[in-house]
Amino acid sequence: MADSGRARKLAERVQQVVAQMIDTKVKDPRLGFVTVTDVRVTGDLQHADVYYTVLGDDEARQGSAQALESAKGLIRSEVGKQTGIRLTPTLAFHLDAVPETAAHLEEALAEAARRDAEVARLAAAARYAGDADPYRRPEDADTAQD
């Protein structure tokens, strides 16, 4: 079993090679503005999961996924040449969900801030249902006995 340091180094190198290939060698018109965000290599160095994001709508994402799938062999061949390891890892491309997750979190935070502002506005205009201070004080007990 390979050590995790070697897998990490290979993942960094694979990320560089894949990004360079997408930028310079893959000329598919379906390929959009793709950013390689992360690469994870298994401990036995046989498989690499490549995570990427695409700037654009669902059509751009789908076209880029098809372009990456069709160029997978070319990219894997170049990874093998540039890494120099005996067995080139297989590549699997995955659309990274980080931008969608970040957008969802931003929406949730904006909704929470809006609700907090509404609660603060209601609290500022609120009045007590009964007395403002419902607790008995010792001076109140003295005046009640008189």
Side-chain angles (χ1 to χ4, degrees), residues 1-140:
M1 183 172 172
D3 61 325
S4 63
R6 186 170 181 204
R8 182 179 40 80
K9 287 180 183 176
L10 180 62
E12 290 173 1
R13 185 68 186 137
V14 168
Q15 183 174 4
Q16 292 171 351
V17 171
V18 169
Q20 182 184 15
M21 288 293 295
I22 290 172
D23 188 36
T24 59
K25 301 281 174 126
V26 178
K27 298 296 182 190
D28 196 324
R30 298 174 293 181
L31 191 64
F33 191 73
V34 175
T35 302
V36 178
T37 56
D38 192 19
V39 173
R40 294 183 187 151
V41 176
T42 57
D44 59 357
L45 309 178
Q46 297 296 308
H47 182 76
D49 291 315
V50 179
Y51 295 91
Y52 66 96
T53 60
V54 178
L55 184 65
D57 57 357
D58 288 338
E59 185 177 334
R61 290 185 192 120
Q62 191 174 22
S64 295
Q66 291 171 349
L68 288 173
E69 279 299 314
S70 69
K72 185 188 291 187
L74 175 71
I75 295 171
R76 183 174 179 229
S77 173
E78 190 66 24
V79 166
K81 287 178 188 172
Q82 291 196 19
T83 55
I85 58 175
R86 188 170 62 93
L87 296 173
T88 304
T90 59
L91 300 177
F93 291 97
H94 304 281
L95 184 63
D96 201 349
V98 169
E100 287 83 17
T101 305
H104 177 70
L105 286 175
E106 285 184 18
E107 285 178 19
L109 289 173
E111 178 67 20
R114 187 189 63 75
R115 288 184 180 183
D116 282 348
E118 182 178 330
V119 167
R121 184 182 53 81
L122 291 174
R127 295 182 353 190
Y128 293 105
D131 294 334
D133 187 10
Y135 300 105
R136 290 187 180 179
R137 306 267 180 215
E139 56 270 7
D140 292 341

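For the numbers below, each heavy atom of this structure counts, side chains included, while hydrogens, waters and symmetry mates do not.
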May I ask you to decide if [Y]'s main-chain N or O and [X]'s side chain share a donor-acceptor pair within less than 3.5 Å?
X	Y	value
Asp131	Pro134	no
Arg76	Pro89	yes
Ser64	Arg61	no

Which atom of [X] lies closest to which atom of [Y], heavy atoms considered:
X	Y	answer
Gly80	Thr88	CA-OG1, 3.2 Å
Arg13	Thr83	CG-CG2, 3.7 Å
Thr42	Ala7	O-CB, 4.1 Å

Measuring from [X]:[atom1] to [Y]:[atom2], what's the distance to the nearest 0.5 Å?
X	Y	atom1	atom2	value
Leu95	Thr37	CG	OG1	9.0 Å
Gln46	Leu87	CD	CG	5.0 Å
Leu68	Arg30	CG	CZ	9.5 Å
Phe93	Asp49	CZ	CG	10.5 Å
Met21	Leu91	CE	CG	10.5 Å
Glu100	Thr53	CD	OG1	9.0 Å

- prompt: Can you tell if the side chain of Tyr52 reaches within under 4.5 Å of the side chain of Thr35, non-hydrogen atoms only?
  reply: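 No; the side chains remain at least 4.5 Å from each other.
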message: So Val50 and Val36, do their side chains get closer than 4.5 Å, heavy atoms only?
response: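 Heavy-atom side-chain distance check passes, below 4.5 Å.
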- prompt: Does NE2 in His104 sit with more than 12 non-hydrogen atoms of other residues, nucleotides or ligands closer than 6.0 Å?
  reply: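 Atom NE2 in His104 is not crowded, with 12 or fewer foreign heavy atoms closer than 6.0 Å.
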field: Other residues, nucleotides, ligands: >12 heavy atoms within 6.0 Å of Glu111 CD
entry: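 Yes, because the 6.0 Å sphere around CD of Glu111 holds more than 12 heavy atoms from other groups.
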- prompt: Salt-bridged, Lys72 to Glu69, with N to O below 4.0 Å?
  reply: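 Between Glu69 and Lys72 there is a salt bridge, with a charged N closer than 4.0 Å to a carboxylate O.
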- prompt: Could Arg115 and Glu118 be called an ion pair, given the rule that one side-chain N must be under 4.0 Å from one carboxylate O?
  reply: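 Result for this pair is no, no salt bridge flagged.
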message: For the residue pair Gln82 / Glu78, report whether a side-chain donor-acceptor contact shorter than 3.5 Å exists.
response: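 A donor-acceptor contact under 3.5 Å links the two side chains.
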- prompt: Should Ile85 and Leu10 be marked as a side chain to side chain contact (heavy atoms under 4.5 Å, CB included) after you check the CA-CA gap, both sets of side-chain angles, and the distance that decides it?
  reply: CA-CA 9 Å; Ile85 58 175; Leu10 180 62; 3.8 Å; yes
task: Identify, with sequence neighbours excluded, every residue that meets side-chain contact (heavy atoms from CB on, under 4.5 Å) alongside Gln62.
output: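 side-chain contact (heavy atoms from CB on, under 4.5 Å) check on Gln62 returns Gln66.
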- request: Might you work through the salt bridge (Lys or Arg N to Asp or Glu O under 4.0 Å) test for Lys9 and Glu12, ending with a clear yes or no?
  value: CA-CA 5 Å; Lys9 287 180 183 176; Glu12 290 173 1; over 6 Å; no
